[in-house]
Structure formats: C-alpha cells, structure tokens
Amino acid sequence: MFKPISNRVNLPKVEEEMLSFWKDNQTFKASLDIRRDGPEFVFYDGPPFATGLPHYGHLLAGTIKDIIPRYQTMRGYFVDRRFGWDCHGLPVECEVEKMLEISGKTEIEELGVDVFNEKCRSIVLRYTAEWEKTVTRMGRWVDFERDYKTMDPSFMESIWWVFNELWDKGLIYEGRKILPCCPRCSTPLSNFETNQGYMDVVDPAVTIGFRLDDEENAFVLAWTTTPWTLPSNMALAMGPDITYLRVEEKDVVYYVAKARFDEYYKDTDSVESITEVKGSDLIGKTYEPLFPYFADLKEKGAFRILAGDFVTTEDGTGTVHMAPGFGEDDYALCMAEGVPVVCPVDEEGQFTEEVSDYVGRKVKESDKDIIKRLKVEGKLIKQATIKHSYPHCWRCDTALIYRGISTWFVNVEKVKVRMSEVNQEIHWMPDHLRDGRFGKWLEGARDWAISRNRYWGTPLPIWRSEDGKEAICVGSIEELEKLSGRKVADLHKHFIDDIEIPSQEGRGPLRRVTEVLDCWFESGSMPYAQTHYPFENKEHFDSHFPADFIAEGLDQTRGWFYTLTVLSTALFDRPAFKNVIVNGLILAADGKKMSKRLSNYPDPKLLIDTYGADAIRLYMINSAVVHGENLRFTEDGVKQLLRNILIPLWNSYSFFVTYANIDDWSPDKLDGQSSNVLDRWISSSLETLSESVVAAMDEYNLQRAVRPFVLFIDDLTNWYIRRSRRRFWKSQDDDDKMQAYQTLYTVLLQLSKIAAPFVPFISEEIYRNLRTDDMPESVHLCDFPMPQDDKRDMELELEMELVMTVVRLGRLLRSEHNLKVRQPLSQIHVISRNKQVIERLKVLSDIVLEELNVKDVVFGEDELRLATLKGKADFKRLGPRLGPNVKKAAGVIAQLDDQALETLVRGGEISVAIAGDEVTLGPADVLVERIPHEGLVVASEGELLVALETELSAELVAEGLAREFVNKVQNMRKSSGLEVTQRINIKFTGDVELCKAISDLGDYVKLETLTIDCKSVEAAPQGAIEWDLNGHACLISVDAVV
RNA sequence: GGGCGUGUAGCUCAGUUGGUUAGAGCGCAGCCCUGAUAAGGCUGAGGUCCCUGGUUCGAUUCCAGGCACGCCCA
C-alpha cells in the first residue's frame, strides 16, 4: 500500500515535509558519505557578502550550484560543497560607520581601530541565519557547518602566503593611483561610492597662459575647473591631430584650438594675424612654470607639451593642463612620458610645505587666492564659471578631490599572456565568454590595485623601515612571531599594527605599511585559503585544484572569475577552474532591474510559499539565464511552469498511487519486461529522455537538459496514461493490467531519479512513496539512470510518432467536419505509398481505432484515389548539383505530371530537359506533396493520407447516443461526489430511439458507469437532470447503490 | 568612445551546420474531450526572422556597415 495522495497538490507543503525528512535523516551528509570512496568532483563556492539578504540572483546561482553537484553525486562522484562568506571590505565598514554615526578616517581612528574592527566582526555574520534558511528552503544542499570565512585567521594566513608568493616572484610593486577622496573624511572612495554622489555645482573655469620658452611673448592657453591643481602643473597635453591657431595680437601670441577660437575671440579687432598649426608641431616644446615650487623639476623633464589622445575640443582651449598628482589621464601620460609626479596635498586636502604660500590651507578654499595671484601676474587670460556635474562625498556632501594615493599593485601585465593561454583550457557556458567578454578583459588587463586605505580586511604583510629602504614581506604567522619575537593570535590590523620587526640593516624598527587588502584578493585566494594551504592539507589541495566546476553571475567576469585566474596563473600557471556556468541578470517583469524602491518584483519568500522552490528552480533553469542572458522574471512564468510540468507530473503520480492502492498492487509483483506496445514505447522514451539529459548535463547546458522533460511529461500524461487508463480500471487482475502497473511504476521511479537534481523536492516525494525497502531511502542517494540501449526501441518510437500523426490528422478531419469524437464512425482510410509506413502503422492500428473512435482502419497504397501529387524540387540536393539552373529545374519539377511523379514515388528515375541539358532525377531529388481532392474528408502530411468515412448507419447512431449517455452519467457521478468505485442505479426518460439505443447497448452502458440497474421510466424521477443527447431530450437520475 | 551580448508572432522565448512551408508557451477566436481534471486536446488568426549592402543558384542563418536595447569598461 502506497501512501495515499491527494490530487489537490500543495507543493510548498510537500517541500516542507521533504526538508524535515532531510534534516531528520541527515540525507545530505548521507549523500556525501556513500560517495566518499569514489572519485571526486571539485566544486568551489564563491563567497557572498552577508550584509544583505539573498535576492533572486542568489537564488539562481544557488540553484545552479545545487543542480550540478547533485547530478555529479548521482553519477558516483564525491562532491564536497563548503559554503563561504565574504566578511571584509567596505560594505561592512560603511554599515558600521552608519551604526556608530561616525564617518571617515579621522573619526574611526579617534574611536579606535580596535573598537571599529571588532564592531565589524560582530555584525558581519548577522544575516547568515537568514541566508542559511533561504538557501536551504530553495533545496540547495551545501555545507554550512564547515563554511569558510575570509576573516578566519587560517584563511588570512593563507592570504599572506599567497601575497608572499607574489612578492617572491617579483609581482608586487608600490605605485600611485589617482582616486577620488573626501577631504573631510580624509578617505579615498570606491567607484561605487563615487557614483552615488554626483551633484550639479558651479565651479570656476579659468584659462591660463603658459609662456613658451622658444618664442617671445607666446602663450599656450589651457583651461581648468580646478585652479588649485595649477601649482602642481607638470605638463600640458595637446592633440597631435588637432588644428591649433597661432593668434598674433599687438605684442603677444596665443595658441588655441581652431575649434575653440570663437569662444575666446568674440571680436577680432585686436587680432593682427592668424596661422594654422598642427598639434604635432607644438608637441615637445617647453614652457615656463607657472609657480616656483617645482621649477627645478624642469631638468627632470617637467614643463613640456605632450601628446594626449584624450584631448578634445569640446570645451576649454584644446590644451589640457596636466597635474599628474591629481588626474588619472594626467598621471598615466606623465608616467609614460617620464614627467615627474608631485602631489603636494595631504589626506585632509590641505597643501603641504612644498607649496609654501598656501601650506595648511584646504585646496578648494585656495582657488580664489590662486586665481587672484595669477591675475596679478598676468597669467590669467579668462575667468568664468561653469555649471557641471561633480562627485561629492555621499556621507558628508563635501566636494571630492582626485588625488594620487600610494597603492600596492599586482603586476598583472607580467602574467597576462599566460592568463589568456590558461583561459583556453576553461570550458565556459556560454562558450562565447571565453574569447569574448572574459578573454577580451584578460587581454586588456591592467595591473591590479590591491591595497585599500581602510581597516577591516587582511593587512598587507609588508614591514618596512621608516626611510622605506628596507622591506620584508611576511608569509605566515610563525614567520612574524619569529621575526618580531611576539605571539600572534589574530591577523587583523588592530592586533598587528604595533608589532615591530628589528632591522637587519640597522635602520631602526620595521613597521607594517598601513593598508589592508582588497577583498577581491581574498575571494580570489579562496582555493588556497579555504583549506589553509599550504600550512595544512597540502595533499588534499594538490588533488583539489583546480575546481571541476564553479558558477556565478556575469558580473564576475571582472570579479571572482578574474581574481581566481590572476592568482592561479601567477602561483601555479594553471586555471583555477575547469568548467564554469555563467548566469545572466534577473530583471523584473517590466524589463528593468529589480528595485526595492520601485517594488517591481514579488517577494522571494512569498513566491516560494505560494508555488514552491521546485517551480522557481525549474522556471529559472528552463531559461536562457543559465547561459548569460537576461531573464525577465515573472510570477506568471512560474505559474505556467507549474501547470505545464510539475502539476502534470504530480497528476501522473497521483493517478498511479490511487489505482495501485485500489488494486492493492505492490512492487513485489514486478515481473520481467512488458509485452504491451504502449509500455515498451514509454519505457523506450524514458531511455531517450535519460540520454538527452545526460548529454546536456555533461556539456553543462542546463537549459537544454530541462527541455526534454517537457516533451516526456507530455508523452507520459497525454498519451501513455490517457491511452492506458482502461488497463488500470478493468476489474480482472490480468497480465496486461499488471504490466501497466509495473511499467508506470518503473517509469515514475526512474523519472524521479532523472528529475532529482533539478526538482529535488517533488522527485523525492515521488521516489519516497514508490521505493521498496531495499532501495536507498532518498532519491538523492541513488545512481543517475544512464540510458540503457536494451530498453530502447527506436523502431517503436518511430511507429508511435506515425500513429500520433494519423490521429492528429483524423482529429483535424473530425474537427473540420464537425464530427465529435463520441460519435463512432465506420472507417478510416490510411493511405501511403511507403510500405514501411503502412507496416509500422498496422502494428499499432488498435490505437488509431480507439483514439479516433472508428470501427475499422483500411490501409492502402493507392493515393491517387484521394489526392493529386505535386512535385517540388529538393533544393538541398539539387542546388549543389545544378547550381544556377536549380531555379529552372524547380519550374520543371513543379510541372511534372502524375505519371512522372508516380515513377519517382515508386523509386524510379526520370529524365527531364533543363536549360537544354538532359538531367536525370531520382526519387530523392523531388519532394512529393499530396493535395487531397476537393470535397473529400481527407488530410495529408508527408507521405500519409488519411480519409474518414462519414456516413452513419443506424447502429453507429445508436452507439453515438449510448456514448453520449455514458458521458452524461459520468459527469453526474463526478459532480455528485461519488467514489470512483461506487456502484449506481440509473433511471432515465427519453424517446423511443434513445430508449432502444440504451437498451440495446445496456451492457456497455452499465460496464462503463459501474451500474447495476439501468432502466427507462415514464415520469421524471426525483433529482433528475435534463440533457440533450444529439438532439434527443433526456432526463437522467443517478442513485448510489447502498 | 571601446568590448561583449541581444534583436524571430500582441507578450515571453526556442530554432535555423545556408534550401523556397520558421516553431513553442501565454494571450485572442472557435471547436472538442474528460473519473490524473485548480486540468487537457485540436483548429484558426497573427511574422519584412531590426535595417542596408555583399557573398551565393538560394540569406532569417555567413560577411561588412548601420540602428535599437542590455551589461561591462573608459
């Protein structure tokens, strides 16, 4: 006896039951244990930040990260799955700043780095419980107990090892990076933060004349909105291809871009002559420094005109003032050209001693004085203001300044080529990412800035002397202890910043540089750090690197995929993963990004509780989002999927259980293979399903893996079960019935296994109810059903397809000619020239008879009786052979007469004249269509012709009535809530013809409706319902037999 | 501005190693079936396969150039 199943399915409730079952029985652990001795399939999990709650993107990635490991487990592999948490970094720090209502470097240091960091530590895991709940509810099996955290001392120590390896390979260097900084918070900001704070402001826009050295009283005009950077001017940049004008006035010469001339000369009275000059002719000239502060740098290459490809003539003068300490383009160009870089501004945005006249003053506030001074000195050409969008600190609204910050870099340029080569070994899904977005990103990779002037992160393990001439990179806790003579328990900043290392060269104590590492460096180190390599688990690591599989979103091309690749290439000259599934973005139903503010998407929890995790999983997986495309997530889509796949699947299961229980069927009655064609057909189809799924899964193509389920479920419910229903209903326990049970049982059981990785809940429910005691207690402990050739019968699958076609054509005819299926017809003609087609159909003709409700099927070959033939050229064959003449040939073929076509159809050859040439055409060169004769009830598809005999004999009419009658009684049984097995008595009224029909076919009526007594009465019985049976009025009442 | 991707029915999307007749689901209209029925089936209407050029006997498919949208970078 199987557990009885309601056909009113509540999937979320079923899922909750499965969750408790898994929890109570530790099924996940068991699924690992049974494979522990098997080969390993290595999975790396990318760590999320737990500062927010999981959203649809996480549910999707989590689902992909669940399906592949479940599948591989069933394929016999041991798949360890450790969850990871990204703990460090700015999001956490910002959160804490908000909580403590402080902001920026000064306030954090006033508070104490130790207090601040411990606060970070205390909140970073605060949502992990919610995460675990949601991830688990979605059906993902992942180990939360052995999770890794990027803030664990062991994790951080491995990061030091990674860093030290890079250091030893000479891949770490210190440089400068121009970053937006808030002078008030004295903190550099990330791109993300900067983007939040753009505001429209009015700034000064001044034009300055730079006096050229080699021409008397000649000035190049340059333009800036940040006058405070002028003392730090080191060069000018012009466009080599831009045309400039040499404008001669009375006793002075100005150079300005031709395109900007009008802006500067509203009237040209003062102009004496104008000459055009190419930018390239001006490049290389030197000029007089504006300010004396760095004048001595002229010898070192400063104060030159450089060629800059970023120079435009959209605004300004067509010449850009270069302050390499304060602009990214400026910095890059000056570095490349060997121009010295100065940055005379401190963290608080104040001038340093070098700029003696303004020392200690905030740069922005010095603008006015600088302008005034330039005016006095005659260097200011034009003073204006400009309204533009400029970034401000999102915390305190202070205008940001761009400023060079000392930064540590990984020299990615050095390993770039190998990274691209190593990338070739990775199997990407979708594959275009390999040489597309990711490949291109690698080709253009720049050195990676890995240090952050922040607090909550893994500190850079560099200790150096005050003069900067002696530096040590520390690679482990033990090394630090040895070098410093101090015990070290925690590697966070506030534990180690006061540790000093004595100099080997007598330079005084070495102190740690202040920065911490970019948290991307930490997640990229995850393959090593999660197992504390190389301090522990050395052998384990060797056999677990690289990963067989990872999966994340498209945004990780420049994130995790990239950092993993940089580090694994630099360290081991290998990729860090072999296969990767990259998912696209999940958009709201309106095609926009999901946004809390717009609330344009349904709450995930609500959706799970309404439709269940399986439906959401399958909905997402059955879309292009599993290969990097966007998905418009709609609740309706989830509903559809439920309707199209999961409910039919459940109905099949419920059907089986209901009848198996009625008949007391149990799996111990399993006995060999069935001889029934339907059974053999569905069993064969199941093998085909398994083959398609395995093929798609081995390519990591999840969408392709899901698609065949839709077809199979349709075959199962709308053909196999519908066709087989009577076999389950009939009262005697014959072999055929046993075989039906046995087949449906086996199919459902196997299907639950094939579906298990995708829809782990519903498949578990089905499996658990169907399994016998000698089977594993969970579907997820089973082996994946690999396709078995001996159970496949391709011939039979083809035959069934033909039958389906005939039935479809038959139904089309009935529909076109208004002949309802309940009305039996005498004959159907199935005509095909192709003997094999006829032979195949003969095998299954019973199905045709029943489906179409006809008494007899007549096969024949004489298609000309029903249709005319029409020839059509097979371009695919004739094109290559005939080339340009193919069109003429098509014309000739379309005109072929019946006789010629007959010859071809019989397999003969004909010869025709095409463009003066004799061409021989074989059967394969011409496609023959059958055009049914007008006025006949005939339909055609391919080589098949189907015709219906529509004349009704008295017997057929009577039978049609009886079937109408049965149908109405069945409806009444159902609507009055009678049990399926309940016996009844029928009373009815009707005309003579109707009574005779029911009486003549009484046995049939009684058998179909489980009726003991069916009699006609004179007057309408109590509670009778009136029906119209093919134009015969009728009152029927139904009573349960007690 | 550059890179990558996408553009197919009213909507959401398959597909096309180049072959004249391009599919599914939803929605719409009509019909049918039904003891797995909170279902299901069939039929119909609905398409310049983004545009323009090229290659080819033949292009929705390949190539080039545009346009639109998305993501990433600058």
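To find a chain, count down the sequence lines: A is the first, B the second, and so on, and within it residues start at 1.
Nearest to the side chain of A:Val886, among B:C26, B:C73, B:C57, sits B:C57. Nearest to the side-chain atoms of A:Ala624 among the listed nucleotides B:G35, B:G70, B:A14 stands B:A14. Checking B:U37, B:U6, B:G40 against the side-chain heavy atoms of A:Glu629 singles out B:U6 as nearest. For A:Ser654, the side-chain atoms get nearest to B:A36 when compared with the rest of B:A36, B:G35, B:G41. With B:C4, B:G35, B:C72 as the choices, the nucleotide that has an atom nearest any side-chain atom of A:Trp441 turns out to be B:C72. Side-chain proximity of A:Arg808 to the nucleotides B:G35, B:G3, B:U43 is greatest for B:U43. Proximity note for A:Arg707 (side chain, C-beta onward) versus B:U34, B:G15, B:A74: the nearest is B:G15. Among the nucleotides B:C72, B:A14, B:C13, the one closest to the side chain of A:Arg558 is B:C72. Set against B:C72, B:U34, B:U21, the side chain of A:Lys872 has B:U21 as its closest nucleotide.
Base pairing analysis places B:U55 opposite nothing; no Watson-Crick or G-U wobble pair with both distances below 3.5 Å involves it. In this structure B:G70 sits in a base pair with B:C4, meeting the Watson-Crick or G-U test at under 3.5 Å. The pairing partner recorded for B:C13 is B:G23, the criterion being a Watson-Crick or G-U wobble arrangement whose two distances lie under 3.5 angstrom. B:G35: no Watson-Crick or G-U partner with both key distances under 3.5 Å is found in any strand. Applying the Watson-Crick and G-U wobble criteria (two distances, each under 3.5 Å), B:C28 pairs with B:G44. B:C49 makes up no base pair with any nucleotide shown, lacking Watson-Crick or G-U wobble contacts both under 3.5 Å.
Note: CG (A:Leu878) to P (B:C57) measures 15 Å, nearest angstrom. Following rounding to the nearest Å, A:Phe709 (CZ) and B:A24 (P) show an atom-to-atom distance of 23 Å. A:Arg723 places its CZ atom 14 Å from the P atom of B:A36, with the value rounded to the nearest Å. Straight-line distance from the CZ atom of A:Arg446 to the C1' atom of B:C73: 9 Å, rounded to whole Å. For the pair A:Leu442 CG and B:G3 P, the interatomic distance rounds to 17 Å; values are reported in whole Å. Atom C1' of nucleotide B:U37 and atom CD1 of A:Ile647 are separated by 10 Å, given to the nearest angstrom. If you take CD of A:Gln970 and P of B:A36, they are 10 Å apart, rounded to a whole angstrom. Between A:Ile586 atom CD1 and B:G70 atom C1' there is a gap of 15 Å when expressed in whole angstrom units.
Nucleotides B:G23 and B:G15 place their C1' atoms 7 Å apart, quoted to the nearest Å. Using P as the reference atom, B:U17 and B:C63 are 14 Å apart when rounded to the nearest Å.
Backbone-only engagement by A:Arg704 is indicated by non-hydrogen atom pairs under 4.0 Å involving sugar-phosphate atoms exclusively. As judged by a 4.0 angstrom heavy-atom cut-off over every strand, A:Ala890 is placed among residues making no nucleic acid contact. Residue A:Asp874 is out of contact with every strand shown, counting any heavy-atom pair closer than 4.0 Å. Using a 4.0 Å heavy-atom distance criterion, A:Tyr653 is classed as making no nucleic acid contact. Nucleic acid contact class of A:Asp555 (heavy atoms, under 4.0 Å, all strands): none.
Under a cut-off of 6.0 angstrom, the local environment of CZ in A:Arg822 is crowded, with over 12 non-hydrogen atoms contributed by other residues, nucleotides or ligands.
Aromatic ring centres of A:Trp1027 and A:Phe965: separated by at least 6.0 Å. Ring to ring, A:Phe656 and A:Phe728 are not that close: their centroids are 6.0 angstrom or more apart. The six-membered or imidazole ring of A:Tyr619 lies near that of A:Phe633, with a centre-to-centre distance under 6.0 Å. For A:Tyr562 and A:Phe438, the ring centers are positioned 6.0 Å apart or more.
Within the 4.5 Å cutoff, side-chain heavy atoms of A:Asn423 are placed close to those of A:Trp428. Counting heavy atoms from C-beta on, the side chains of A:Met594 and A:Leu587 never come closer than 4.5 Å.
One N or O donor and one acceptor, one from the side chain of A:Arg973 and one from the base of B:G35, sit under 3.5 Å apart. Judged by distance alone, with hydrogens and angles left aside, A:Arg643 brings no side-chain donor or acceptor close enough to the base of B:A39 to form a pair under 3.5 Å. Contact annotation: side chain of A:Arg822 to base of B:C32, donor-acceptor pair absent below 3.5 Å.
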